[in-house]
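So the structure is just underneath, and the comments pick up after that.
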Amino acid sequence: MAIPLLSLLCLFTLLFSFAHSELCNPKDKKVLLQIKAALNNPYLLASWNPAHDCCDWYCVTCDSTSHRINSLTIFAGKISGQIPAEVGDLPYLETLEFHKLSNLTGPIQPAIAKLKNLNFLRLSWTNLSGPVPDFLSKLKNLNFLDLAFNDLSGSIPSSLSLLPNLNALHLDRNKLTGPIPESFGKFTKVPDLYLSHNQLTGKIPASFAKMDFSVIDLSRNKLEGDASVVFGSNKTTQIVDLSRNLLQFDLSKVQFPKSLTSLDLNHNSITGSIPVEMTALNLQFLNVSYNRLCGKIPVGGKLQSFDYSSYFHNRCLCGSPLPSCK
C-alpha cells in the first residue's frame with residue numbers, strides 16, 4: 001500500500017503546484033508594481049499584491065495563451081500624479097485606459113509611443129494637459145482613440161489622419177485651438193469624429209466632401225463658412241452636430257444623405273429654406289433653431305413631429321409647428 005499512497009501524494013502535490021503556479025510574466029509583474037509605486041500605492045490597486053498572480057489583479061488582464069499583460073484599465077478611483085512612464089514597458093498591451101481620474105495630471109506620457117500593439121487608448125475625464133502629441137500617429141494598430149474631457153490645448157496634429165485603422169476619434173471637451181486639419185479629409189478608414197466643445201476656428205476642410213463620416217460632431221467651436229461639404233446624397237452619414245458655431249451657408253442647396261437620423265444646426269447663421277427633400281428623411285432628432293432661415297416648413301415625413309423649439313428664432317420661418325405663414 002506504500003507505493004500507491006506515495007503516488008497519490010505526489011499527484012496531489014503536483015496538482016496543488018499547478019493550481020498555485022503563477023501565470024503572469026515576471027517582467028510584466030515587475031513593471032506593474034513599478035506603476036503602482038509611481039502612483040503612490042493607491043487603494044484602487046490594493047489587489048496588486050506581489051504574493052499573488054498578477055493575471056488575477058484588478059484592472060489587469062492577461063492573454064489566455066501567452067499570459068502577457070494585454071490590458072490595463074485604471075478608472076474611477078483616487079489616483080494622483082502623472083501617467084507613469086513604465087506603462088511603455090508593457091510591450092503586449094492592446095488596451096490602455098486611464099478614465100475618470102480627476103487628479104491625474106501632466107502631459108500624455110511619451111512612453112505610450114512604444115506600445116506598438118495598442119488598439120484601444122482611452123485617456124479621458126482626467127486633468128491631463130499639454131498638446132495632443134504627434135507621436136500617437138505611430139500607433140498604427142489603434143482603432144479607438146479617446147482623449148475627451150481633459151485640459152489639452154494647442155492645435156490638432158494633422159498626422160492623426162495617418163492612423164489606418166481608426167474607427168473613432170474623440171478629442172471633444174478640451175481647449176484645442178486652430179483649424180481642423182485638412183488631412184482629416186484623407187483618412188484611410190473614416191472614423192466617427194468628435195471635436196466638440198473646443199475653440200477650433202477657420203473653415204470646415206473642403207476635403208470633407210470626400211469623407212463619409214457615420215457620426216460627426218463639431219459643435220460648440222468657432223467654425224466659419226460652408227458646412228455643406230459634410231453632407232452628400234451618396235453618403236451614409238447618420239448623425240451630424242454642427243451647433244453653436246459661426247457657420248454660414250444656404251440650407252436649401254444642401255444634399256442630404258438618406259441615412260441621416262440626427263441633425264443639429266442650432267445657433268449658427270444659416271440662411272435659405274428647409275428643403276422639401278428633408279421630408280424623406282427618417283429623422284429622430286432635428287434642431288435648426290437660432291439661424292436665419294426663411295420660408296414654409298415643408299409638410300410631411302418627420303418634420304411636424306418636432307416641436308416649435310426645433311425651429312424657433314429664425315428670420316422668417318413659418319408653418320407647423322410654428323405659426324402659419326402669412
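These values consider heavy atoms only, across backbone and side chains, with no hydrogens, waters or symmetry-generated copies. Quantities reported herein were computed from a predicted structural model and do not represent experimental measurements.
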By the disulfide (SG to SG under 2.5 Å) test, which pairs, at least two apart or in different chains, include something from residues 140-232? none
Report yes or no: do [X] and [Y] belong to one cluster of Ile/Leu/Val/Met/Phe/Trp/Tyr joined by side chain heavy-atom distances under 4.5 Å?
X: W125; Y: I108; result: no
X: L166; Y: M211; result: yes
X: F187; Y: V230; result: yes
X: F149; Y: L123; result: no
X: L136; Y: L104; result: yes

Within the distance-only criterion (no hydrogens, no angle test), does the side chain of [X] pair as donor or acceptor with the backbone N or O of [Y] below 3.5 angstrom?
X: Q109; Y: I83; value: yes
X: N119; Y: L142; value: no
X: N174; Y: L147; value: yes
X: D53; Y: C24; value: yes
X: N165; Y: K140; value: yes
X: N287; Y: L263; value: no

What verdict does the side-chain contact (heavy atoms from CB on, under 4.5 Å) test give for L251 and I274, after you've listed the backbone C-alpha separation in whole Å, the side-chain angles of each residue and the deciding distance to 0.1 Å? CA-CA 6 Å; L251 189 67; I274 295 176; 4.2 Å; yes
Show me the pairs that pass salt bridge (charged side-chain N to carboxylate O under 4.0 Å, His left out) and involve [range], at least two apart or across chains.
range: residues 189-204; value: none
range: residues 232-246; value: none
range: residues 58-85; value: D28-R68

Would you say [X] and [Y] make side-chain contact, with heavy atoms under 4.5 Å?
X: L200; Y: L195; value: yes
X: F184; Y: L160; value: yes
X: L176; Y: Q199; value: no
X: L223; Y: P179; value: no
X: L171; Y: I156; value: yes

Does the side-chain contact (heavy atoms from CB on, under 4.5 Å) test come out yes or no for D146 and L169, once each step is laid out? CA-CA 6 Å; D146 182 1; L169 175 59; over 6 Å; no
Non-hydrogen atoms of [X] and [Y] that approach each other most closely:
X: F135; Y: A113; result: CD1-CB, 3.7 Å
X: L242; Y: A227; result: CD1-CB, 3.6 Å
X: Q82; Y: P107; result: OE1-CD, 3.7 Å
X: C54; Y: I69; result: SG-CD1, 4.1 Å
X: P50; Y: L33; result: CB-CD1, 4.2 Å
X: N150; Y: N127; result: OD1-N, 4.0 Å

My understanding is that only residues two or more places apart in sequence, or in another chain, count here; which of them pass side chain to side chain contact (heavy atoms under 4.5 Å, CB included) with S196? D172, D217, S219
Apply side chain to side chain contact (heavy atoms under 4.5 Å, CB included) to I239 and list each qualifying residue two or more places apart in sequence or on a separate chain. V215, T261, S262
Going through the checks in order, is the side-chain contact (heavy atoms from CB on, under 4.5 Å) test met by I180 and F208? CA-CA 10 Å; I180 299 171; F208 275 23; 3.8 Å; yes
Below 2.5 Å, is that where the SG pair of C62 and C55 sits? yes
Going by side chain to side chain donor-acceptor pair (under 3.5 Å), name the pairs with one or both residues in residues 265-275, residues two or more places apart or in two chains. D264-N266
Sequence neighbours excluded - side chain to side chain donor-acceptor pair (under 3.5 Å) pairs with any residue from residues 224-234: D226-S228
Would you say that more than 12 heavy atoms from the other residues, nucleotides or ligands in this model lie under 6.0 Å from the NZ of K116, or not? yes
Applied to residues 52-84, the ring pair (Phe, Tyr, Trp, His ring centres under 6.0 Å) test, sequence neighbours excluded, yields W48-W57
I'd like a table of donor-acceptor pairs (distance under 3.5 Å, sequence neighbours excluded) in which one partner is a side-chain atom from residues 87-100, with atom names and distances.
residue, atom, partner, partner atom, Å
D89, OD1, K114, NZ, 2.9
E97, OE2, R122, NH1, 3.4
H99, ND1, S124, OG, 2.7

Under 3.5 Å, sequence neighbours excluded: what are the donor-acceptor pairs made by side chains of residues 302-317?
residue, atom, partner, partner atom, Å
K302, NZ, N282, OD1, 2.8
Q304, OE1, G300, N, 3.0
Q304, NE2, P298, O, 3.1
Q304, NE2, S320, O, 3.0
S305, OG, K302, O, 2.5
D307, OD1, S309, N, 3.0
D307, OD1, S309, OG, 2.5
S310, OG, L286, O, 2.9
Y311, OH, L303, O, 2.6
H313, NE2, Y290, OH, 3.4
N314, OD1, N291, N, 3.3
N314, OD1, R292, N, 3.3
N314, OD1, L293, N, 3.0
N314, ND2, V288, O, 3.1
N314, ND2, Y311, O, 2.7

For the residue pair T61 and N70, confirm or rule out a side-chain donor-acceptor distance under 3.5 Å. yes
Can you tell me if D134 and S159 form a side-chain donor-acceptor pair at under 3.5 Å? yes
Output all residues satisfying ring-ring contact (aromatic ring centres under 6.0 Å, His included) with F231, sequence neighbours left out; order by chain, then residue number. F256
Applying side-chain contact (heavy atoms from CB on, under 4.5 Å) to I35 and V31, what does each step give before you reach the verdict? CA-CA 6 Å; I35 290 171; V31 170; 4.1 Å; yes
